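To start, the structure under review is shown below, and the notes come after it.
Note that ligands are numbered from 1 as they come in the structure, with each ligand's atoms numbered from 1 the same way. Nothing here was measured: the structure is a model prediction, and the numbers come from that model. By convention here, the first residue in the shown sequence is residue 1.
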Amino acid sequence: MVAPHCASPVNAPVIGVLALQGDVREHLRALADCGASARPVRRPSELDAVDGIVLPGGESTTIAKLAAAFDLLEPLRAAVRGGLPAYGSCAGMILLADRIVDAPAGQQTIGGIDMTVRRNAFGRQVDSFEGDLDFPALGEQPVHAVFIRAPWVEGAGPGVEALARIPVGEAAGRIVAVRQGALLATAFHPEMTGDPRVHELFVRIVKEATSA
Ligand code: GLN
């Protein structure tokens, strides 16, 4: 079923979800609801066949280790460097960061976004929380964001657009959504709330990239 306001299924872009660990199914469903042809990616040949890739939430250390073990880490780096659109949610945001802090020594990333991301940035006390965020690129209505042991963006280069920030509290002003060209990342999990707008934005990015 196509959810309201979602992209049309005509010329559906093929979007993969890195399916090594994490909430793969939720992203596949959210993408399909937005009219994309969504499929899991576990091997390099499957990566070659997609127009865009989603890096799901989960555990970034585990996903990075499995990606290396499945011979996917270098192909993912090369694909992102070569312009493959990618959207990372939570652990996926960490994977798209050029630099990470508070990570175990040697934790690898795919990289691509000129940003420094702090893992588990909100600390133990607020392990998980929800709240409404202004996200002007998605329209006037705020996004209800679910954060689970989430990272934040501690610093970003001039080519990175901050799309949303924490509005109140100790972390007020921290960046939690970014875009750099065809790369998109959120510290929260839109695949869990039924709001299609972040996935829709990514589907649009993929369509723009494939028609360019
Ligand atoms: N804390 C996790 C990590 O570092 C991310 C949590 C999530 O994806 N919900 O990978």
Side-chain angles (χ1 to χ4, degrees), residues 15-31 38 40-42 52-70 72-73 76-77 80 86-133 135 143-156 163-166 169-171 174-179 183-199 201-202:
I15 302 187
V17 178
L18 185 65
L20 302 176
Q21 189 261 341
D23 62 345
V24 175
R25 242 182 307 168
E26 290 78 359
H27 280 286
L28 288 170
R29 188 175 313 122
L31 290 165
V41 166
R42 286 190 196 87
I53 183 93
V54 170
L55 310 170
E59 188 54 44
S60 59
T61 50
T62 306
I63 296 174
K65 276 185 199 150
L66 289 171
F70 280 59
L72 265 170
L73 197 54
L76 280 164
R77 286 176 176 154
V80 168
Y87 163 48
S89 136
C90 201
M93 171 185 256
I94 297 167
L95 290 166
L96 283 177
D98 281 347
R99 298 168 297 278
I100 48 180
V101 286
D102 248 5
Q107 180 174 348
Q108 309 229 58
T109 72
I110 295 161
I113 301 183
D114 177 18
M115 62 179 174
T116 302
V117 166
R118 179 175 293 278
R119 288 185 68 222
N120 304 324
F122 296 91
R124 291 238 172 101
Q125 306 283 317
V126 282
D127 215 77
S128 301
F129 62 100
E130 303 183 15
D132 288 346
L133 303 176
F135 200 134
V143 169
H144 187 71
V146 175
F147 294 86
I148 303 166
R149 283 175 289 108
W152 67 40
V153 178
E154 201 140 301
L163 299 176
R165 295 172 187 267
I166 297 286
E170 270 176 49
R174 291 293 184 184
I175 300 168
V176 288
V178 292
R179 177 173 177 182
L183 304 178
L184 179 70
T186 63
F188 55 91
H189 292 270
E191 73 282 6
M192 290 177 61
T193 55
D195 181 342
R197 290 177 295 165
V198 173
H199 290 84
L201 171 61
F202 184 58

Options Pro151, Gly22, Gly58, Ala187, ranked by nearest heavy atom to atom 2 (C) of ligand 1, top entry: Gly58
Any pair counted as salt bridge (Lys or Arg N to Asp or Glu O under 4.0 Å), so long as it reaches residues 187-196, sequence neighbours left out: Asp195-Arg197
Structural part of Arg119 in contact with ligand 1, heavy atom criterion under 4.0 angstrom: side chain
Test applied, side chain to side chain contact (heavy atoms under 4.5 Å, CB included); reference residue, Ser89; option that passes from His27, Met192, His199: His27
Where ligand 1 meets Glu59 - atom numbers and elements under 4.0 angstrom, heavy-atom basis: 2 (C), 3 (C), 4 (O), 10 (O)
Shortest protein contact, atom 10 (O) of ligand 1 (heavy atom only): Ser60 N, 2.4 Å
Passing candidate, side chain to side chain contact (heavy atoms under 4.5 Å, CB included) with Phe122, options Asp127, Ile166, Ile148: Ile166
Taking atom 1 (N) of ligand 1 as the reference point, the nearest protein heavy atom with its distance: Asn120 OD1, 2.6 Å
Nearest non-hydrogen partners of Ala91 and Gly58, listed with the distance: CB-N, 3.5 Å
Pair Glu59 + Arg149, salt bridge at N-O below 4.0 Å: yes
Candidates Thr186, Ile53, Leu55, Ile15 - the one meeting side chain to side chain contact (heavy atoms under 4.5 Å, CB included) with Tyr87: Thr186
Nearest protein heavy atom with distance in Å, relative to atom 7 (C) of ligand 1: Cys90 SG, 2.7 Å
N/O separation below 3.5 Å, Ile94 to ligand 1: no
Atoms of ligand 1, numbered as shown, that sit under 4.0 Å from any heavy atom of Gly57: 8 (O)
